[in-house]
Engineer: 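One structure is given below, represented as structure tokens, and several questions about it will come after.
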Amino acid sequence: MKKALVISGGGAKGAYAVGVLKFIRNRPELFKNGQFLFDIYLGTSTGALIVPLASVGDMNVLITFYSGVNTANLLSIHDATALFAKGCLFNSLKLDRLVDTVYDTTRFGLIKATGKQVGVSAVCLQTGELRIFTSQALAASLPHYTTQAINTRNDLVDAVLASSHQPFFLEPVRIRSDPSVPGAPRHYVDGGVREYAAIQVALDAGADEVYAILLAPETPEAADTLKPNDLIGVLQRTIDIFSEDVSLNDVRLPDILSRGTNYVLAVRQAMVAAGLPSAQIDSLLNPPRQPNPFANRVASKLHIIRPKLPLGGGPGGLRFDPLEMQGMMARGEADAAAYFTRLDANGGVPPVVLA
């Protein structure tokens, strides 16, 4: 059984994900001897800040960051001149230095030594492609994304920063597509532009069971106080609406794939039980000129843990308020407890994600 942890984007809302992880430490099938027992760790934006630390069980750093940091510790707004010179609203030097400090040589060595597949997603501004930067090889690149190896500490820092830098708000990060090949570096931004939660990437990598922590609520937040002449507010709201749509697709499509695969496997088992020959079963499940889209896929379970109502954190999740994030963390822990209570009562079968 190959398990994956997927954490979506959401800025300060990452505190909710840390709360979920705090509860998961109570589950012996998912946490043992100070380590989470996932094989694959995939994160986008704030999720990219979390998953490398989660892969080595470093919860103290995550809890401290997502319960104590404030916006002034991470970001400062550019004046009008710098805004147009830099092409972004905020100066992220403090955030960038923090990430560089956290992912030092020692911690990078621990991440690589686990042998776990740790990946963060970012989008190339020049080509528009989704790229998964990964510490260990995942599945071969598929048409809707490519992969690139994280070989050094600097590779990891650059990938995490690229994934967490929202376009317009934070400066794009320069990364060479292939460090061994000369050429101009590309610029990468928040992976949430294309992939809010890399659930499909986890399934492509062979995960039998995916635990996805989503930070967008089931009930979208209404911006009733937004003024139409607030340029920054309108842009942030537009990005929020876009992210909500991307997040829905990131859940819907993998859920359909997972349920479809499980259904086809159940039909095959029923045919075997009915005594049909293997050749006839293969013929029925693979009719002429109609390839089986679920062929060669394994049965999978998809667990979705997300808040029912908005978490806060301001537009784009860029308001880092310690008290607010502590409340998010508590909600994550409580929601995870409720989810696993339902899961246990249902014999380990996840509830239907989308009706």
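Just so it is clear, the values below take in all heavy atoms, side chains as well, and ignore hydrogens, waters and symmetry mates.
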Engineer: Tell me, please, which residues at least two apart from Phe320 pass ring pair (Phe, Tyr, Trp, His ring centres under 6.0 Å).
Structural biologist: none
Engineer: Would you call Asp208-Lys3 a salt bridge at under 4.0 Å N-O?
Structural biologist: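 The answer is no: the pair does not qualify as a salt bridge.
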Engineer: Using a strict 4.0 Å threshold on nitrogen-to-oxygen distance, state whether Lys2 and Glu209 make a salt bridge.
Structural biologist: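 Salt bridge absent between Lys2 and Glu209.
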Engineer: Just by distance, do the side chain of Lys301 and the backbone of Pro350 share a donor-acceptor pair under 3.5 Å?
Structural biologist: no
Engineer: Would you say the side chains of Ser121 and Thr44 form a donor-acceptor pair under 3.5 Å?
Structural biologist: yes
Engineer: Measure the OH-CD1 distance between Tyr16 and Ile305 for me, rounded to the nearest 0.5 Å.
Structural biologist: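 Those atoms lie 7.0 Å apart.
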Engineer: Hey, what do you get for OG (Ser8) to CG (Leu215), rounding to the nearest 0.5 Å?
Structural biologist: 3.5 Å
Engineer: Report the distance from atom CG of Leu75 to atom CG of Leu318, rounding to the nearest 0.5 Å.
Structural biologist: 6.5 Å
Engineer: Quick one, Ile132 and Gln148 - any side-chain contact, counting heavy atoms below 4.5 Å?
Structural biologist: no
Engineer: Quick one: does Thr46's side chain get under 4.5 Å of Lys13's, heavy atoms only?
Structural biologist: no
Engineer: Would you call the rings of Phe340 and Tyr211 parallel, tilted or perpendicular, taking 30° and 60° as the class edges?
Structural biologist: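 The arrangement is parallel - the two ring planes meet at less than 30°.
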Engineer: I'd like to know if Arg131 pairs up with Glu129 as an ion pair, taking the criterion as any Lys NZ or Arg NE/NH1/NH2 lying under 4.0 Å from an Asp or Glu carboxylate oxygen.
Structural biologist: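 Looking at Arg131 and Glu129, the cut-off is met.
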Engineer: Between Asp100 and Leu161, is any pair of side-chain heavy atoms under 4.5 Å apart?
Structural biologist: no
Engineer: Say you draw a straight line from CG of Asp58 to CG of Leu110; how long is it, rounded to the nearest 0.5 Å?
Structural biologist: 8.5 Å
Engineer: Would you mind checking if Asp335 and Lys308 are paired as a salt bridge, meaning a charged N to carboxylate O distance below 4.0 Å?
Structural biologist: no
Engineer: If you measure from CG on Leu42 to CG on Leu5, what distance do you get to the nearest 0.5 Å?
Structural biologist: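 Reported to 0.5 Å precision, the distance equals 8.5 Å.
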Engineer: Does this structure show an ion pair linking Asp158 with Arg153, if we count only N-O contacts that are shorter than 4.0 Å?
Structural biologist: no
Engineer: Quick check: closest heavy atoms across Glu29 and Leu37, and the distance to 0.1 Å?
Structural biologist: O-CD1, 3.7 Å
Engineer: Indicate yes or no for a side-chain donor-acceptor contact from Lys94 to the backbone of Thr71 under 3.5 Å, with no hydrogens or angles considered.
Structural biologist: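 Here the side-chain-to-backbone pair does not exist.
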Engineer: When the aromatic ring centroids of Phe36 and Phe31 are compared, is their separation below 6.0 Å?
Structural biologist: yes
Engineer: Are the aromatic ring centres of Phe23 and Tyr339 under 6.0 angstrom apart?
Structural biologist: no
Engineer: What distance separates Leu93 CG from Leu74 CG, expressed to the nearest 0.5 Å?
Structural biologist: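 Result: 11.5 Å between the selected atoms.
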Engineer: For Tyr41 and Ser55, which I'm curious about, is there any donor-acceptor pair between the side chains at under 3.5 Å?
Structural biologist: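 Note: Tyr41 and Ser55 side chains miss the donor-acceptor criterion.
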Engineer: Can you confirm whether Thr114 sits close enough to Val56 that some side-chain heavy atom of one is under 4.5 Å from a side-chain heavy atom of the other?
Structural biologist: yes
Engineer: We want to know whether His187 and Gln126 form a side-chain donor-acceptor pair, criterion being a heavy-atom distance below 3.5 angstrom.
Structural biologist: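 Yes, a side-chain donor-acceptor pair sits under 3.5 Å.
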Engineer: Does the Ser163 side chain pair with the main chain of Val120, one donor and one acceptor, at a distance under 3.5 Å?
Structural biologist: no
Engineer: For Phe65, what residues pass the ring pair (Phe, Tyr, Trp, His ring centres under 6.0 Å) criterion, not counting sequence neighbours?
Structural biologist: none
Engineer: Less than 4.5 Å apart, side chain to side chain, heavy atoms only: is that true for Leu49 and Tyr66?
Structural biologist: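 Touching, per the 4.5 Å side-chain cut-off.
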